[in-house]
4 protein chains.
Amino acid sequence: MKNNSEKNTSWKHRLHEIIYEADTKEGKLFDVILLIAIIASIVLVMLESVKSFDDEYHNFLNISEWIITILFSIEYILRIISIKKPLKYVFSFYGIIDLLSTIPKYLSFIFIGSHHFAALRALRLLRVFRILKLARYVGASNRLLVALKASRAKIAVFLFFVVIVCIILGTIMYMIEGEENGFTSIPRSVYWAIVTLTTVGFGDIAPQTPLGQLIASVIMILGYGIIAIPTGIVSSEISKNDRKIDTNTQACQSCLKEDHKDDSDFCYKCGNKLN
Amino acid sequence: MKNNSEKNTSWKHRLHEIIYEADTKEGKLFDVILLIAIIASIVLVMLESVKSFDDEYHNFLNISEWIITILFSIEYILRIISIKKPLKYVFSFYGIIDLLSTIPKYLSFIFIGSHHFAALRALRLLRVFRILKLARYVGASNRLLVALKASRAKIAVFLFFVVIVCIILGTIMYMIEGEENGFTSIPRSVYWAIVTLTTVGFGDIAPQTPLGQLIASVIMILGYGIIAIPTGIVSSEISKNDRKIDTNTQACQSCLKEDHKDDSDFCYKCGNKLN
Amino acid sequence: MKNNSEKNTSWKHRLHEIIYEADTKEGKLFDVILLIAIIASIVLVMLESVKSFDDEYHNFLNISEWIITILFSIEYILRIISIKKPLKYVFSFYGIIDLLSTIPKYLSFIFIGSHHFAALRALRLLRVFRILKLARYVGASNRLLVALKASRAKIAVFLFFVVIVCIILGTIMYMIEGEENGFTSIPRSVYWAIVTLTTVGFGDIAPQTPLGQLIASVIMILGYGIIAIPTGIVSSEISKNDRKIDTNTQACQSCLKEDHKDDSDFCYKCGNKLN
Amino acid sequence: MKNNSEKNTSWKHRLHEIIYEADTKEGKLFDVILLIAIIASIVLVMLESVKSFDDEYHNFLNISEWIITILFSIEYILRIISIKKPLKYVFSFYGIIDLLSTIPKYLSFIFIGSHHFAALRALRLLRVFRILKLARYVGASNRLLVALKASRAKIAVFLFFVVIVCIILGTIMYMIEGEENGFTSIPRSVYWAIVTLTTVGFGDIAPQTPLGQLIASVIMILGYGIIAIPTGIVSSEISKNDRKIDTNTQACQSCLKEDHKDDSDFCYKCGNKLN
């Protein structure tokens, strides 16, 4: 019995390794298959929303949807079986997402004719972040994340400033252009200011009065100029990171301090001679 | 009596600390409450400009407006009481803004039916800059400001150049496209050139002739290319600042080496102890 | 006979040098003439697509097309003659492009009235990449390519992230705005999200509901902020390259110091003569 | 007589100093007045093109135009008198611009009713570049120009690449979307591709077919990504310039070489010990 239990555990252990980790060959294969299934499920949701396509290939979409649903169901069950604390997974963020992106098809089976659960399937998009976990293996994205985290505060301050400027400029434009030129309310004018400052420029609302166009010009040149700020922040942060790699990895033999400048002869902490 | 006066002064002193400074716990709390009140007052101005919303919730907006007005009135009075030189505050920039953003509701009470004072309330937006003072506590924005100040001259030269290029190109487009294609005057054509060079592209005016489209293409590629300039300026400025901050200006007393890392105890060149 | 064969070979050898290489004077001249011919052929394809121009100058276009076609035919034959392994060229990428961009006019001669082969002529555009080979002689583009190759992985991760964000935001907008506001399907909404996030902003689809405009604002500010990322990546990569190139990798034989300036004759540290 | 001639020469010399140089107080004043006159003349040309303004203030514009014309005439005559080789000035670039921007009003006097000479007045815009000469005094623009000149080759290669990509993508879009969706000719499609790649996005032409929108998405993401390249080039160039200033200005006493690294102990050229 003991042997059986051990065997059982080791079987679960292997399953856990395959599903939750990506170090083994099988684990990587599982991740890639899951990635393809998630992308396929997203493409299905997309295609179903295209009316002309849905009318013609309704059956194909329906069957594919069932295949995806069954695959996701099996995956969900395996995830619960293979983990030591199933409840922790079930109520975790990804656990709930996994469940919600699996059940809509079953629900549509019970409540016939109901299309409202279809929206739930869009939650599958959040499963894409599982794919992003794969991106971590690409060494490049690690450094990128470090640089982004370091410049987070600065960028937040910058975006906060942008929003305030847009509110002020939007209100001014509302007072200048008025409702007859499409600036029907302050929130709508602020929306226009954001559209303009970020250089998007839909053109659904555009200033008509000379004064309005003058201020719009100022907003545009401002937006064109201050885009330099977040760029400068991230640039310098990435540069700094790259430079850190320029400091050598040698550790001082006396105090074990690292991060010495490349042309250091002595440890900057304890004064011991470096090699 | 003396004691009373002292008590009075200390009471005023405490109030001053709470309202004008942000070092104490109460001071921070006051700032946060004021921040919320200002944001709420701005949201109110915004919502009132949305006609459909105003029609339905007119009473709610009216009462909220009165609450905000009374809160701002109390704050204004407290600010005058707690400061040593009340007149200096009253005629300061923020003093005038504070007054103007408080009185519109009272005025609408006196001059019944007058909506013109509503525009005054938009001045409350300027109070947002008080919030920006809070942003200073975020260390990040300090460095950002230093970099921006350092690159101010370069960016001004760049924007001056952009404006001249837009005037020249706008005039050329006016002569090529003419009034029948929407380029009704030179100022309007210059406005279009700014819209195009800054890559905003509303599309309310667009070139119709082949030659006009050719020149528009040149403007767009130019705008796409020269956006690199302000970005480069700010990037290098921030990089420079970051580099400066990471090393200190202390010179080794033995070999006069500078550019030591901030946490250095020994000269990295000669091994001499640093102060 | 032997002499003749040798003469023949040397004649072929010279032709090969002229056509396939750009080291000799004649080789450069050939490249420049080819460049002009390719550009002329592209301009012809372009002009023929402009209906009003084609109606008026049909004969001129037809004759020019024949001249270009004959020139390209001669070039094609010379390329086959002068190379040692003609089949390798014929079935190479550029061999197929060269053939396909030459034959459409002959085909239109055989199959009278057929316009469908005209599209083939657009393949001439791919010949432009031969011109790009010329760009390699401009030293600048080499460094640029090195920097781009080094930052390829990071930019790919970034663009992958952008696409996922656009899919998620597009789906959200589809659910909020719905078909009545132009967001007729998820793919179309994703298209709109890309148009907005990249700050292009055509305006053919624009959000109408307040909530939709709010989310659009977030997308725009996001797009305005994250454009900093690829810029930062490339900036730091080019900076790194420039720094590397300015110093050589030679180590001083006396003190093993590296990082000497390119025109150094003596070690800047110990004064020892460098090689 | 001799004295008179000397006086005459010195009078001319002083005039030359005032008009052509900006070192003296009077010279600077003259430049500033000229700057104002040029800007005023440009504003006049602009306002005259606004029909509603011209109708109402025709007399004011006419008189102002005459004042500017007379001022420019006096300046032109003084420039000829004060210079040693008048013909050289008359036929120089600025000499011709100065003349052409002065005479239109006189011509309209001779040829009554002629409006065609009005276009000539737009040439005054080129006089603005005289103002740009003033910008040189701002030290900032000097460094900027150095960085731009250094990155000129790289940016040219980049823009050349952008244009080729736009031609290829424009042709593809012409074949996919066709004339019924606004892509009426290849040049127009290339124009659209430039509008899209540079993230301007007028929206006067927009893809309608799903495949067209897919390719448009690729173009937009491409444009969003490669804007990083010119930015990176200029950033690194400015950074490099700033760093050059980091090298010290000490000259080797033995070989007079400059541009030593800050921590150099020996001249990198002749091996002489530095101070």
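Reckoned from all heavy atoms, side chains included, excluding hydrogens, waters and symmetry mates. Computed from a predicted model, the values in this text were never measured in an experiment. Just so we're on the same page: letters track the sequence lines, and every chain starts at 1.
- Most heavy-atom pairs under 4.5 Å with chain D, from the set Pro230(B), Gly225(B), Pro187(B): that is Pro187(B).
- How far CD1 of Ile194(D) is from CD1 of Ile221(B): 4.0 Å, rounded to the nearest 0.5 Å.
- Thr198(D) and Tyr224(B) make their closest contact through CA-CD1, 3.5 Å (heavy atoms, listed as atom of the first residue, atom of the second, distance).
- Here the straight-line distance linking atom CD1 of Ile226(B) with atom OG1 of Thr231(D) works out to 11.5 Å at 0.5 Å rounding.
- For Leu159(D), the part sitting under 4.5 Å from any heavy atom of chain B is the side chain, from C-beta outward, and nothing else.
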> side-chain contact (heavy atoms from CB on, under 4.5 Å) between Met46(D) and Thr171(B): does it pass, once the steps are laid out?
Replying inline: CA-CA 8 Å; Met46(D) 280 191 170; Thr171(B) 308; 5.5 Å; no
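- In plain terms, the two heavy atoms of Gly232(B) and Ser235(D) that are nearest each other are CA-OG, 3.2 Å.
- Close approach to chain D, defined as a heavy atom under 4.5 Å from one of its heavy atoms, is seen in Thr199(B), Val200(B), Gly201(B), Phe202(B), Gly203(B), Ile205(B), Ala206(B), Pro207(B) of residues 199-208 of chain B, taken by number.
- Rounded to the nearest 0.5 angstrom, Ser185(B) OG and Glu48(D) CD are separated by 12.5 Å.
- Between chain D and the options Val234(B), Ile233(B), Thr184(B), Val195(B), heavy-atom pairs under 4.5 Å are most frequent for Ile233(B).
- Of the two parts of Phe53(D), neither the backbone nor the side chain holds a non-hydrogen atom closer than 4.5 Å to a non-hydrogen atom of chain B.
- A 4.5 Å side-chain heavy-atom check between Gln213(B) and Trp192(D) finds every atom pair outside the cut-off.
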